[in-house]
Peer 1: 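Below: one structure in structure tokens.
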Protein chains: 2
Amino acid sequence: MVQLQNSECDLLIVGAGPAGLMAATWAARCGLNARIIDKRGTKVFNGQADGLSSRSLEIFDSFGFADRVWKESNHLLEICLWNPDGSGIIRRTDRIPDTIPGISRFQQVVLHQGRIERFFLDSLEEYSDIEVERGVLPVELDIDHSKSEDYDAYPITVKLRHLGDDEATPFQHSTNVSDGLFRSSLAKDDTDDLIRKSKGKQGTTEIVRAKYMIGCDGAHSWTRRQLGFQMEGEQTDFIWGVLDIIPITNFPDIRMRCAIHSVESGSVMVIPRENKLVRLYIQLTEVSSTGQQADRSTITPDIVLKAAQKIMSPYKLSYDYCDWWTAYQIGQRVGNKFSCDERIFLAGDAVHTHSPKAGQGMNVSMQDTYNLGWKIGLVVNGIAKRSILKTYQSERRRIAQDLIAFDHRFSRLFSGRPAKDAADEAGISMSEFKDVFEEGIMFGSGLAVDYGASMLVAKAGDSADQGDGADVRPLLNGHTNGVGNLVGKQDLASNIKMGKRFPSFQVLNQADARPWHFAQYLKSDGRFRIIIFAGNLKDTQQFKRVQTFGENLAKPDSFINRCTRPTKPIDSVIEILVIHSAPRWEVELLDLHEIFHPFDKKTGWDYNKVFVDDLSYHEGHGEAYKNYGVDEERGCVVIARPDQYVGWIGELEDVGDMDRYFSRILIPQA
Amino acid sequence: MVQLQNSECDLLIVGAGPAGLMAATWAARCGLNARIIDKRGTKVFNGQADGLSSRSLEIFDSFGFADRVWKESNHLLEICLWNPDGSGIIRRTDRIPDTIPGISRFQQVVLHQGRIERFFLDSLEEYSDIEVERGVLPVELDIDHSKSEDYDAYPITVKLRHLGDDEATPFQHSTNVSDGLFRSSLAKDDTDDLIRKSKGKQGTTEIVRAKYMIGCDGAHSWTRRQLGFQMEGEQTDFIWGVLDIIPITNFPDIRMRCAIHSVESGSVMVIPRENKLVRLYIQLTEVSSTGQQADRSTITPDIVLKAAQKIMSPYKLSYDYCDWWTAYQIGQRVGNKFSCDERIFLAGDAVHTHSPKAGQGMNVSMQDTYNLGWKIGLVVNGIAKRSILKTYQSERRRIAQDLIAFDHRFSRLFSGRPAKDAADEAGISMSEFKDVFEEGIMFGSGLAVDYGASMLVAKAGDSADQGDGADVRPLLNGHTNGVGNLVGKQDLASNIKMGKRFPSFQVLNQADARPWHFAQYLKSDGRFRIIIFAGNLKDTQQFKRVQTFGENLAKPDSFINRCTRPTKPIDSVIEILVIHSAPRWEVELLDLHEIFHPFDKKTGWDYNKVFVDDLSYHEGHGEAYKNYGVDEERGCVVIARPDQYVGWIGELEDVGDMDRYFSRILIPQA
């Protein structure tokens, strides 16, 4: 018996799809010793998920690569609804904006998952030594529950097996067109097969001890099965095919996102993509679902195309090039638990599965680990208390439930036959479909997310009720007490909602007049941020309030100084950013308290922390105060979490409340 | 004696600075067999030129990499003028926008030349096999004038020598800070030294025969000297130092572009750069200019800093980090000839030298070869007549002369002592300085360029007068005749000026409603473009005009069909783009004549050629017709050259004039 290699890491990520890569990206930015493994031998080249919501793009921008997606992707601007007219001919009945105007600086786009994964990999390479280890399979998992609350322990033990190339390559049904059947809900999972087959073969096995672990290993999650957690929900009878083709057609809206309902032949969703490709989701009304599981062997690209041709008739549709295809049966399920001891977490398809048509799978999965990654990072780095990890389940499981509830209504309406008239109760009302579609647009943007009250979100409401079973009540010195009931002042910033992400409007850098979307300064680097709306600095009294606020923050025993190691820069745990509303020409940056533009003896003053809500030369006026709903004279103060969600709002005098906010989640360093 | 290697190429480019790389980029996009050599062993890492004008960014965007510059660069928004007050203390007296609002979608930015060269190199790699051959020196040049007019000949013969690493690395004055003295006007050129030294050494020599050659080999151009062409102009007594530092200072406008005049100590120009760097141009009033040439051995970074401190007093200035420094003496000269037989061309510093402070050197140099590259490309590819090459000198030498004239006035004002009062005639009027500065902003944007009448620009005026000695009169069938006097109808598009670059406003793609700056569709790929302002397509009469226009272009004997090889796509020499003004929802793309959305049997209809001037969902209304100054009902037709300069404007019925425009410059293919 060969001696097994034995190693330790802060974080082990199982699965290198978008959710796993997002977790690894946080690990890279927080400087964790992390590993990410995937049983597949190569990354995705075709097909798979492709829709990116406004919020996903905002997150990419906070990591610095949204511009690459924006440039390469196809932008979705308009949705066209097509329905049968009185004589059964499909007609365009509605046009709806694909993204609600004004909710984000980014609109929904589509780009093949393989490119998204490429951008993550490039970012990992730029910021860390973390590399995806492919063809690596976890085969045994153990957790020592007695050590779960010990900050320094490695309570998780995982045995890994390194596969050969032939085992790590998924089976393809055809040699000239890629298909996604191996990942489809119609296919059996092959993890157990892989484990069984690899046992008899040459190959390396190793033992990894980890502080934390995330299972991003898909709908058939091996990690979830080891933990014995359940998926709750059901499978429907609806079977859908997917074709990625360059269409040759006279259908007028082939470059728009379309929902097409035919009289009796089912429905088609059109998603125009990059490189002239179009994705068609096509209802397969003629494929029988034999009780629980459809027979996938009867499904071919040609059958899928013929179904589409029937639905889209009298328009013609054919293709010369097919990039990818698959088929699936809609199932809608949510995991019952998202975490074991706040040491092993599940994310993405491992805890929620649903129809892909709403374009939510990749987005919600990435946003799971976007919520989780910085929390693990801050805990491992000794900055934050372990209790914040409980907010992963409280914040994300409700999102998954909302997603499944929406998908349930949407799928039923999309898969149903249009009503012939108001009396046709078995048919689907097309006006109800339109209403649900419009509701889905807001949901699908990712911007409706509103996290409940917890130690991270000091908003009104009972965090016990909003915790989805997790105890996310604020603790101070280890005890729940009156001090915990901190509630920020929502009315000071009517459009900055505690629990939702900090919105972005244009402001100008005070030092060089350059316009920025303010969110471009809310980088995902693991730092909390205090955003001071400093109000009208021209007013002597207001200027004095701001200076006093600065003096309070700069005191030797202030929460910033307590929570920051003395050897580190003062802005390394909590960064302070200022937006004032006086005319830019009437304020001199260096007149402000030093803590608002810290000095470094090698690089001088910091010129990138003070902004102004004023007219730009080339990009108009951001009207930030008006858009944020903040008083232009008196301002206010906002705490943004490292993931840009709003934790607290208060007055410039509420330094004591800010102290309490940070004291209950951060660990004193001095 | 070793047998010399012998090869042929379409184009030999000498010098791989920005001008040479721009020429190579065109060669890559036109598919030429081109070589680019440079005597230096490595590309530039620090210092050098750094200002990029609006027009340069537009050009980068046409090649697809402006976004990389935009992201990495420092953006210049405001210029602050500082002058002595009554008691001799410097005060901010004016603020001016750095780029005139509205003239371009890009504003002036600064980014180190080495990064610009990197983007060019990446682009070359993506589009071609062209690689910069470094450490390669031309040592002999010969041209066979008798073959200059033979399209198939290789009249140029160049002997190249490949240097060893030690010879190709320029001498640095200090080991820990890079300096640019080896390229400065205060240093002797080392090309002759290199040639002499390399003669005695081991090394490869080869013979290249080329159809065309461009000398982008700098102020001491070896190519220019072989041709015996002269630089005309003079050297001034003003000596300037340059420091690239991370400043530690309490000067309030250190992140603004500033022009600072002191009472008696000279002037400083502040250019804030990327990565916290700031470039200071500092007048060295205490360095003596001994007649013709200053003694550079007396100039050190410390002397330059001390001069800056004196000028910027009472503000403090120091630094911990210096990235690069140099010094120069202002000289202002223009080459007397830009071309030999329209076979060998000179570009960039090889034909114009001037003060760097206006940030024009790199921009004008790149724009020289941007003007020239596509002309050589089209001639080599047998698409265009050789006569168009004469427009290089007629178009670019006048720009060089304008640049030197501007620089002359600007340098005198900037280097002079401020007037104490109106009676102080030896002093410089600060209000005159401000006026010239503002004029310089327009000039410096690169958007004032207005090429004269020629066979490429069918505007009013005598092309013999405007040709700078080159014969750029239109020829038809080899003869100057009445047909040549084609003049477009300027009044049909009041803001699209013949001779200037096609401006850009937002339009929407008819097929998918996506907003684009129209110039994003004017890619630098060597194609002429016909832009049809189709007007109000809802109007039956106007729709008929547009369809008739399409039918005329599609005729078998139309100029498009005559000038395009039958085996090539119909849009490969001249692309047709449409902008209409009817509401987007009331026009169906496929109702338009097929030539406006050509069909391909593998990829179907083309959805990227028809645009509409309508309201977007998220980016407002481009008001393109209003901004272009085109009638919204009747529209007009515009011809844009491959470099986006406007060649002709006419009515939809003026197909005969378009035919004449193209007949005099393109070669029939059928």
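Computed from a prediction, not measured in an experiment: that's the story for all the values here. Sequence lines set the chain letters: A, B, ... in the order given, protein chains first and strands last, and positions in each chain run from 1.
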Peer 1: With rounding to the nearest 0.5 angstrom, report the OG to CZ distance, Ser313(B) to Phe251(B).
Peer 2: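 Nearest 0.5 Å value for the OG-CZ distance: 12.0 Å.
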Peer 1: Heavy atoms only, distances under 4.5 angstrom: which of Arg514(B), Arg255(B), Glu588(B), Met256(B) has the most pairs with chain A? Name it, please.
Peer 2: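 If we count pairs closer than 4.5 Å to chain A, Arg514(B) comes out on top.
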Peer 1: Heavy-atom pairs under 4.5 Å with chain A are the metric here; pick the option from Asn509(B), Asp591(B), Ile248(B), Thr249(B) that has the most.
Peer 2: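 Answer, by heavy-atom pair count under 4.5 Å with chain A: Ile248(B).
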Peer 1: Taking side chain as everything from C-beta outward and backbone as N, CA, C, O, which of these in Asn250(B) sits under 4.5 Å from a heavy atom of chain A? Side chain, backbone, both or neither.
Peer 2: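 When you check distances to chain A, atoms from both the backbone and side chain of Asn250(B) fall under 4.5 Å.
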Peer 1: Counting only non-hydrogen atoms closer than 4.5 Å, does Tyr617(B) touch chain A with its backbone (N, CA, C, O), its side chain (CB onward), both, or neither?
Peer 2: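 Answer is both: backbone and side chain atoms of Tyr617(B) are under 4.5 Å from chain A.
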Peer 1: How long is the straight-line distance from CG of Leu305(B) back to OH of Tyr319(B), given to the nearest 0.5 Å?
Peer 2: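 It comes to 5.5 Å.
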Peer 1: Does a side-chain heavy-atom distance below 4.5 Å link Val587(B) with Val612(B)?
Peer 2: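 They are not in contact (no side-chain heavy atoms under 4.5 Å apart), so the answer is no.
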Peer 1: Run the ring pair (Phe, Tyr, Trp, His ring centres under 6.0 Å) check on Tyr315(B) and Trp82(B) step by step: do they pass?
Peer 2: CA-CA 12 Å; Tyr315(B) 296 102; Trp82(B) 285 72; 5.7 Å; yes
Peer 1: Are Lys609(B) and Asp571(B) close enough for a salt bridge, meaning some N to O gap below 4.0 Å?
Peer 2: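 Between Asp571(B) and Lys609(B) there is a salt bridge, with a charged N closer than 4.0 Å to a carboxylate O.
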Peer 1: Under 4.5 Å heavy-atom distance to chain B, tell me which part of Pro272(A) shows up: side chain, backbone, both or neither.
Peer 2: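 Neither part; nothing is under 4.5 Å.
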Peer 1: Measuring from Leu111(A):CG to Asn74(A):CG, what's the distance to the nearest 0.5 Å?
Peer 2: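 With rounding to 0.5 Å, CG (Leu111(A)) is 9.5 Å from CG (Asn74(A)).
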Peer 1: With rounding to the nearest 0.5 Å, note down the distance linking CG in Leu522(B) to CG in Leu577(B).
Peer 2: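 Result: 6.5 Å between the selected atoms.
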Peer 1: Which bit of Ile100(B) comes within less than 4.5 Å of chain A, counting heavy atoms only: side chain, backbone, both or neither?
Peer 2: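 Backbone only.
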Peer 1: Considering only heavy atoms and a distance below 4.5 Å, find which of Lys71(A), Arg105(A), Lys276(A) pairs most often with chain B.
Peer 2: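 Most pairs with chain B among the choices: Lys71(A).
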Peer 1: Applying salt bridge (charged side-chain N to carboxylate O under 4.0 Å, His left out), can you list everything that pairs with Arg68(B), at least two apart in sequence or on another chain?
Peer 2: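 Salt bridge (charged side-chain N to carboxylate O under 4.0 Å, His left out) check on Arg68(B) returns Asp122(B).
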Peer 1: Listed by chain and number, what are the side chain to side chain contact (heavy atoms under 4.5 Å, CB included) partners of Asn275(B), not counting sequence neighbours?
Peer 2: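 Asn275(B) satisfies side chain to side chain contact (heavy atoms under 4.5 Å, CB included) with no residue once adjacent residues are dropped.
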Peer 1: Flag the pair Leu52(A) / Val69(A) as yes when at least one side-chain heavy-atom distance between them is below 4.5 Å, and no otherwise.
Peer 2: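 Leu52(A) vs Val69(A): side chains touch.
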Peer 1: List in chain and number order the residues that pass salt bridge (charged side-chain N to carboxylate O under 4.0 Å, His left out) with Arg95(B), two or more places apart in sequence or in another chain; answer none if no residue qualifies.
Peer 2: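 Arg95(B): salt bridge (charged side-chain N to carboxylate O under 4.0 Å, His left out) contacts with Glu78(B).
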Peer 1: Considering only heavy atoms, which portion of Arg257(A) lies under 4.5 Å from any heavy atom of chain B: side chain, backbone, both, or neither?
Peer 2: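 Looking at Arg257(A), nothing touches chain B.
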Peer 1: Do the rings of Trp516(A) and Tyr521(A) sit parallel, tilted or perpendicular, given the 30° and 60° boundaries?
Peer 2: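 Because their plane-to-plane angle is over 60°, the rings of Trp516(A) and Tyr521(A) count as perpendicular.
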Peer 1: Check each atom of Leu590(B) against the heavy atoms of chain A and say whether the ones under 4.5 Å are side chain, backbone, both or neither.
Peer 2: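 For Leu590(B), the contact with chain A is made by the side chain alone.
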Peer 1: For chain A, which candidate among Pro515(B), Ala513(B), Cys80(B), Pro97(B) shows the most heavy-atom pairs at distances under 4.5 Å?
Peer 2: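 Top option by heavy-atom pairs under 4.5 Å: Pro97(B).
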Peer 1: For Ser318(B), which atoms come within 4.5 Å of any heavy atom of chain A: side chain, backbone, both, or neither?
Peer 2: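 Contact with chain A: none, neither part.
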Peer 1: Would you please go through residues 594-606 of chain A and name the residues with a non-hydrogen atom below 4.5 Å from one of chain B, in numerical order?
Peer 2: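 Within residues 594-606 of chain A, the residues that come under 4.5 Å of chain B (heavy atoms only) are Phe599(A), Lys601(A), Lys602(A), Thr603(A), Gly604(A), Trp605(A).
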Peer 1: Could you tell me which portion of Glu619(B) (side chain, backbone, both or neither) has an atom closer than 4.5 angstrom to a non-hydrogen atom of chain A?
Peer 2: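 For Glu619(B), the contact with chain A is made by the side chain alone.
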